[in-house]
Amino acid sequence: MTPAALPVMCIPVGIVVERRKADSPWADFVWRCVAVLPDEPETKPWTVLREEDGKILFYAGSAAVDLYPSETARYRDNLASGAPSIWTVLSPAEGIWPYSVAAATADPAEGEAFTEAGANLVEAVPMPEVLRAAIERFVAEHHVEREFFKRKRRQADPEALARRQHEGGHE
């Protein structure tokens, strides 16, 4: 990894997951992320937080929301959306629990990219106020407005499309 690819700020978060009984013959339970905690609690992953109405809330584990100066426009758009979110990612796991915490991000494009691996569970959950304030400060400090640059198309070279002679004189 090059130094430019390193995050300037890492915000630890805890991931809260809900498990509820599935109304399906193909799955026993439905899992989904429902919240992020604005810090990494001193609780073991997969600790039960609450049980009610057939739903169980777990603290699933921690992740870090990494912030990069090159992505401030996306963070700014997220903050301006009216419903700022953190995208949480759970990946399938082998063992007692079916998922493990894979990532958390404030970048909507990165959150969407995590959906390309079809087995991941990706949820946009409300951004806690403490995170929103920290990300706003980061954007204010690091954002540089970039001028939109429209590339001009090059004209086609008709000679480039002409038939070429192959080695040995055969076409």
Side-chain angles (χ1 to χ4, degrees), residues 1 5-143:
M1 202 180 260
L6 296 175
V8 171
M9 183 176 191
C10 297
I11 304 171
V13 294
I15 308 296
V16 178
V17 173
E18 175 189 86
R19 182 186 81 179
R20 62 181 168 80
K21 185 95 173 104
D23 188 21
S24 166
W26 297 282
D28 294 331
F29 298 103
V30 174
W31 296 84
R32 69 185 188 105
C33 290
V34 293
V36 293
L37 304 173
D39 205 353
E40 185 178 357
E42 294 182 21
T43 304
K44 287 184 177 183
W46 297 105
T47 298
V48 173
L49 300 176
R50 182 175 53 219
E51 291 184 56
E52 64 181 33
D53 300 328
K55 299 177 186 173
I56 301 176
L57 290 182
F58 296 91
Y59 165 66
S62 64
V65 176
D66 295 335
L67 301 178
Y68 301 86
S70 60
E71 305 305 327
T72 55
R74 292 181 187 163
Y75 307 145
R76 186 186 60 192
D77 292 345
N78 183 7
L79 293 168
S81 71
S85 299
I86 297 292
W87 282 259
T88 59
V89 183
L90 297 179
S91 293
E94 299 290 327
I96 298 172
W97 300 103
Y99 296 98
S100 63
V101 174
T105 183
D107 180 346
E110 184 180 13
E112 182 180 338
F114 278 115
T115 64
E116 291 176 8
N120 286 342
L121 295 182
V122 181
E123 295 282 341
V125 299
M127 182 184 295
E129 181 62 29
V130 173
L131 266 70
R132 188 189 61 71
I135 294 169
E136 281 179 345
R137 285 190 302 274
F138 183 86
V139 169
E141 183 179 338
H142 295 282
H143 183 69

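Excluded from the calculations below are hydrogen atoms, water molecules and symmetry mates; all remaining heavy atoms, backbone and side chain alike, are included.
- When the shell of 6.0 Å around CD of E129 is examined, it contains more than 12 heavy atoms from other residues, nucleotides or ligands.
- When atom types are taken as modelled, the side chain of D39 and the backbone of P41 share no donor-acceptor pair closer than 3.5 angstrom.
- The heavy-atom pair separating V36 from P126 by the smallest distance is CG2-O, 4.1 Å.
- Nearest heavy atoms, A119 versus P92: CB-CG, 3.4 Å.
- Here the SG-CG distance, from C33 to L121, works out to 7.0 Å after rounding to the nearest 0.5 Å.
- Judged purely by atom type and a 3.5 angstrom limit, S85 has no side-chain atom pairing as donor or acceptor with the backbone of W87.
- Side-chain contact between T105 and V65: absent, with no pair of heavy atoms (C-beta onward) separated by less than 4.5 Å.
- Among all heavy-atom pairs drawn from N78 and A83, the shortest one is OD1-O, 4.4 Å.
- Of the N and O atoms on the side chains of T88 and E123, not one donor lies less than 3.5 Å from an acceptor on the other residue.
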* Apply the test side chain to side chain contact (heavy atoms under 4.5 Å, CB included) to residues M9 and D66: give CA-CA distance (whole Å), side-chain angles for both, the deciding distance (0.1 Å), then the verdict. => CA-CA 6 Å; M9 183 176 191; D66 295 335; over 6 Å; no
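- None of R50, R20, R19 except one satisfies the side chain to side chain contact (heavy atoms under 4.5 Å, CB included) rule with L57; the exception is R50.
- Nearest heavy atom pair, residue Y99 against residue A93, reads C-CB, 3.8 Å.
- One N or O on the side chain of N120 and one on the backbone of F114 form a donor-acceptor pair closer than 3.5 Å.
- Between F58 and W31, some side-chain heavy-atom pair lies under the 4.5 Å cut-off.
- Residues P45 and A60 approach most closely at CB-O, 3.4 Å, considering heavy atoms.
- Salt-bridge check for E136 with R132: passed, with a basic side-chain N closer than 4.0 Å to an acidic carboxylate O.
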* Can V13 and L37 be said to form a side chain to side chain contact (heavy atoms under 4.5 Å, CB included), step by step? -> CA-CA 5 Å; V13 294; L37 304 173; over 6 Å; no
